[in-house]
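Each chain gets a letter, A, B and so on, in the order its sequence line appears, and its residues count up from 1.
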Amino acid sequence: MSPLAYAASLSGAMWRRSLLEIVRVRGALLPTTLAPILFLLGTTGQFGSLTDLQGFPTDSYLAWIVPLSCMQGAGFAGGATGANLARDIEQGWFDRMLTSPAPRPLLLAGPVLGAMTRALVPTTIVLCTGLVLGAGLPGGVLGLLALYLSAVWLCMVMALWGCSLALRAGTQQVGPLIQNGVFLAVFLSTAYTPQVLLNGWLGTFAEYNPVTYVLQMARQATVDGIDPSWSHTWPGLLALVGMTAFFGFFALRELGRMGK
Amino acid sequence: MGARVNGRVVAALAARAIRVQFRRAQFLIPAFMLPLVLLAVIASGTSAARGLPQFPDTGAYVGFVVGGTLMQGALLAGLTAGIALAGDIEGGFFDRLLTAPVQRVSIVLGRVAAACALGTVQGIVFLGVAFLFGARYSGGVAGVGVAITLGALTAGSLAGLACAIALRTGSLSLLQNLFPLTFVLLFTAPAFFPRELLNPTAEAIATYNPLAYIVEGIRAALFDDPGLGDSGLGLLVGAGLVLATTGLADLAMRRRLATQ
């Protein structure tokens, strides 16, 4: 077997194992799907009139929030990978993996790929809920592609963040820290209002938060005032590449340190 | 058994519940950290709402939204009371309590009293933090006292409900999964925005959500402004809820004992 075929086969096996979680753990996807939907409904009900403000790029707050809720669901799905890895470490299963002749990075590739696949579920359910409630898809196919790419890639970033922490701490108690990190990354951005309407410290923070640009990329699907274009896409792609490199480096470093 | 003895039993059980609460970080993070993080995000992320013509003038925006934070913290404090009781049931401590010569209702009252006490501490912390960040309460010390009392009553109300569910089901995992319920209750009340600015569906639902009257009462008390709500009505609703949910929990206790 060539090294490439071996890597693909091993990652595939780990990916399938990660997906088994959906079938075997009843309601495993419920928190990552239900929470964003509740958030979508609640936030739209509370803050819907913010669209009356000058500078708001759409008159539908639902359209503004749907991509955020998709990112939230995908981010939590990614974070859950870290929590699952922490469980595997605590129960000794990961130690058995480490003694195998498999290259270590491949041990992470499977769960991360599994998270990216799982992220499609909350993203699709939240998007469909938004569409049923009246958020349109003015961005068409290109916008939709941007939304899914943002969600799946952000999920990978959050999975790498979660895995870094899980490998570092080696205990399931790190779970809340992982999910709080996802929460803060997503919400300390242009979550509720566009950059021009953000005041104070959050305005400054959001400008430097890479998730702000990922959200802009995703909003090309549903927000009238953010039409699909390269100028709305490349900052998001750059942010995702940067975050992947950053958290990927830390995850691999922690993985390399394990057992030494 | 005299009222004094019952009072001492309730106080002892409440003190134990509070000690356990402060010993376990997993109980304190949702009760204190999460509401403060959401306060920071909402106070900064939606502060442009002050530009809306119907938005009431309450000085710093954080002062307006802190009422919602008080509610959120209180709901989470109430829920953790139920989670802790379910933990006692699963761990066997509840059965040991039943063998003690105390009135059964004291067990529930201890939990409700502890939640009220925790709600009081939360009120002081949250209003203090908001004050540090610019909120000024024109209702003075009396207004702050009423707001804290309303928060404490909310915590007691949800504690009663959560204890009823814990006693009825005895399931810790069910209680832990009720976390989204607090968001449903919060977002179907005018927690962070005035009722007039909610979207029509949320506004219609808010009429039937008793928490709407409590949060409006908190704002009316904090800013001594009857245009923001009716603090007397809020107190009445809060006290009524505590009585009703504690009654439910007592009923659940009787049913549990009858079937054991």
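Only the side chain of A:F183 comes within contact range of chain B, judged by heavy atoms closer than 4.5 Å. For chain A, the nearby part of B:V184 is the side chain; its heavy atoms alone come within less than 4.5 Å. When heavy atoms are compared at a cutoff of 4.5 Å, B:L186 approaches chain A solely by way of its backbone atoms N, CA, C and O. Using a 4.5 Å cut-off between heavy atoms, A:L184 contacts chain B through its side chain alone, with no backbone atom that close. Within the 4.5 angstrom heavy-atom criterion, atoms from both the backbone and the side chain of B:A48 approach chain A. Contacts between B:A40 and chain A at a heavy-atom distance below 4.5 Å involve backbone atoms as well as side-chain atoms. With a threshold of 4.5 angstrom between heavy atoms, B:P194 does not approach chain A through any atom at all.
Side-chain contact check for B:R16 versus B:R111: some heavy-atom pair is nearer than 4.5 Å. Between A:P138 and A:V223, every side-chain heavy-atom pair lies at or beyond the 4.5 Å cut-off. The shortest distance between side-chain heavy atoms of A:L167 and A:L85 falls below 4.5 Å. The shortest side-chain heavy-atom distance between B:I214 and B:M71 falls under the 4.5 Å cut-off. Put simply, the side chain of B:L185 reaches to within 4.5 Å of the side chain of B:L75, judged on heavy atoms.
Atom OG1 in B:T154 sits 6.5 Å away from atom CG in B:L150 (nearest 0.5 Å). Separating the CG atom in A:L137 from the CG atom in A:L147 is a distance of 8.5 Å, to the nearest 0.5 Å.
Most heavy-atom pairs under 4.5 Å with chain A, from the set B:V37, B:L34, B:I42, B:L38: that is B:I42. Among A:L188, A:L34, A:L50, the residue with the largest count of heavy-atom pairs under 4.5 Å with chain B is A:L50.
A centroid separation of less than 6.0 Å is found between the aromatic rings of B:F193 and B:F55.
Of all the heavy atoms in B:P210 and B:L241, the pair that sits closest is CB-CD1, 3.9 Å. Heavy-atom minimum distance, A:G55 versus A:V196: O-CG2, 3.8 Å. Scanning all heavy atoms of the two residues, the minimum distance from B:A212 to B:A206 falls at CB-O, 3.4 Å. The two atoms that bring A:P57 and A:P194 nearest to each other are CD-CG, 3.6 Å, heavy atoms only.
Residues from residues 122-133 of chain B never place a non-hydrogen atom less than 4.5 Å from a non-hydrogen atom of chain A.
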Any donor-acceptor pairs between chain A and chain B, under 3.5 Å? If so, list them.
| residue | atom | partner | partner atom | Å |
| --- | --- | --- | --- | --- |
| B:S44 | OG | A:N199 | O | 3.2 |
| B:G45 | O | A:T193 | OG1 | 2.9 |
| B:S47 | OG | A:N199 | ND2 | 3.0 |
| B:F187 | O | A:Q46 | NE2 | 3.3 |
| B:A189 | O | A:Q46 | NE2 | 2.4 |
| B:F192 | N | A:Q46 | OE1 | 3.0 |
| B:L197 | O | A:S49 | OG | 3.0 |
| B:N199 | N | A:G45 | O | 3.0 |

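The aromatic rings of B:F192 and A:F47 lie tilted to each other, with the angle between the two planes from 30° to 60°.
For the side-chain contact (heavy atoms from CB on, under 4.5 Å) criterion with A:C70, the lone passing option out of A:L154, A:L215, A:V126 is A:V126.
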